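Nothing here was measured: the structure is a model prediction, and the numbers come from that model. Keep in mind that the numbers below use all heavy atoms, side chains included, and drop hydrogens, waters and symmetry copies. Position 1 is the first residue of the sequence, and the numbers go up from there.
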Amino acid sequence: MTETMTYTATWPHRQSVPVLRQSIVQAGALLRSWSRDPGIVVQSIVFPAFLLLMFQLVLGKTVTSMGGGDSIFGNTGLVALVGALFGTLATAISLIHERDTGLLARMWTLPVPRAGFLAGRLLAEAVRTGIATLVLFAVAIPLGFRFEQGIAAGIGAVLVAMVFAVGIAVPVIAMATVASGRQAIQQLNGFFLLLLFFNGGFAPVSEYPGWLQPVVRHQPMTPAIDTVRGLTEGGPVAAPLAATVLWTIGLVVVFGPVAVPREPPAPRTPGETPAPPPPPGIGR
């Protein structure tokens, strides 16, 4: 008498990771990775500090004489946002590298929600910008920067820069998600340079040509700079803060669905072409 035994292999149930937990873990991993990337460190901390020194030493007295207040407050807010702008470019390039090397494809084998991918990156961008802004404030203090409205308002100024970073990061991440290579991201340098020189922090809005003033006044950097200035030097806060929040919400709503990645294709080595389909009749 022969007994036949059947074994059934069962795999343990894999529970889905909550979005909040995934976002925090991924943000921590990204921040550790970025801290070891010289390009991101330079774009986020070294470049803004150098830019602030150049603006203040070369143009500080000229901008102050235009009547827009002490230039150190406007320049500090401006450069804090510039650090957020150009920092997103470096992180977007790293995202493309992760996609092309297959790291993202391996991530989709884990029981993690796709929305947590975007949330974790935005959280990391906000923390990176907050740290860079604190470093920039420390650099600006010997140049005359002060927290005239108190430390609590100064912390609020850091939070404004973080909110701005979240808003600007979403369209950049969306472009990196759908871009075929780094060239598309690098082309944003020109657009960011326009934002750098045409805003209310580089010079008072009244100093720009009349036809250009509405564009300068309502572009996303100007209300954020005015909010940082109001929280540090003094001045209106409610209206520019509301405009900054509205800009952030609008960018997230418009570009957020595109920034959430679909399942990436299997990575290919550079120059490799997909295999042609089999001739008819083969494999049938």
Side-chain angles (χ1 to χ4, degrees), residues 16-49 79-136 158-186 188-189 192 224 248 251-252 255-265 267:
S16 178
V17 178
V19 174
L20 178 60
R21 181 181 177 185
Q22 180 204 352
S23 302
I24 294 175
V25 171
Q26 184 181 2
L30 287 172
L31 290 170
R32 289 190 295 271
S33 174
W34 294 347
S35 67
R36 297 188 293 267
D37 188 325
I40 295 179
V41 173
V42 169
Q43 290 277 33
S44 301
I45 297 178
V46 179
F47 173 69
V79 175
L81 304 186
V82 168
L85 284 175
F86 286 94
T88 58
L89 295 182
T91 57
I93 291 176
S94 70
L95 170 59
I96 294 177
H97 176 73
E98 293 173 5
R99 182 195 64 194
D100 292 344
T101 56
L103 179 61
L104 295 186
R106 290 192 293 272
M107 181 179 294
W108 301 145
T109 64
L110 302 175
V112 294
R114 300 291 173 85
F117 170 87
L118 177 60
R121 284 197 170 267
L122 294 181
L123 178 59
E125 287 286 349
V127 173
R128 177 188 61 80
T129 301
I131 295 173
T133 303
L134 290 174
V135 173
L136 188 68
V158 176
L159 294 177
V160 170
M162 295 170 67
V163 170
F164 174 85
V166 169
I168 206 65
V170 174
V172 176
I173 293 175
M175 180 173 289
T177 301
V178 301
S180 58
R182 301 183 179 187
Q183 292 76 13
I185 299 300
Q186 292 170 346
L188 287 175
N189 277 303
F192 285 173
T248 300
L251 291 172
V252 171
F255 294 99
V258 183
V260 177
R262 280 66 178 170
E263 184 172 356

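Ser44 places no side-chain N or O within donor-acceptor distance of the main-chain N or O of Val41, the cut-off being under 3.5 Å. Without hydrogens or angle criteria, Ser33 side chain to Ala29 main chain gives no donor-acceptor distance under 3.5 Å.
Gln43 and Phe86 get closest at one heavy-atom pair: OE1-CB, 3.7 Å. The two residues Gln22 and Phe117 come nearest to each other via the heavy atoms NE2-N, 3.5 Å. Gly120 approaches Ala27 most closely through the heavy-atom pair O-CB, 3.5 Å. Annotation for Val172 and Ala92: closest pair CG1-CB, 3.6 Å, computed over non-hydrogen atoms. Shortest non-hydrogen contact noted between Ile168 and Ala84 is CG2-O, 4.4 Å. Across Ala165 and Thr129, no two heavy atoms sit closer than the pair CB-OG1, 3.1 Å.
The side-chain heavy atoms of Phe192 and Leu89, taken from C-beta on, include a pair separated by under 4.5 Å. Leu85 has its side chain out of reach of Leu188: every pair of non-hydrogen atoms, C-beta onward, lies at least 4.5 Å apart. With a 4.5 Å cut-off on side-chain heavy atoms, Leu30 and Trp34 count as touching.
Within 6.0 Å of atom CE in Met175, 12 or fewer heavy atoms from other residues, nucleotides or ligands are found, so the atom counts as exposed in its surroundings.
Atoms CG and CZ, on Leu123 and Arg128 in that order, are 12.0 Å from each other to the nearest 0.5 Å. Within the model, atoms CG of Leu95 and OG1 of Thr88 stand 11.5 Å from one another, a figure rounded to the nearest 0.5 Å. With rounding to the nearest 0.5 angstrom, the CD atom of Gln26 is 10.0 Å from the CG atom of Leu122. Between Asp37 atom CG and Ile93 atom CD1 the span is 9.5 Å, to the nearest 0.5 Å. Rounded to the nearest 0.5 angstrom, Leu134 CG and Ile45 CD1 are separated by 10.0 Å.
Applying the ring pair (Phe, Tyr, Trp, His ring centres under 6.0 Å) test to Phe255 and every residue at least two apart in sequence or in another chain returns nothing. Residues that satisfy the side-chain contact (heavy atoms from CB on, under 4.5 Å) test with Ala80, not counting sequence neighbours, are Thr133, Leu136.
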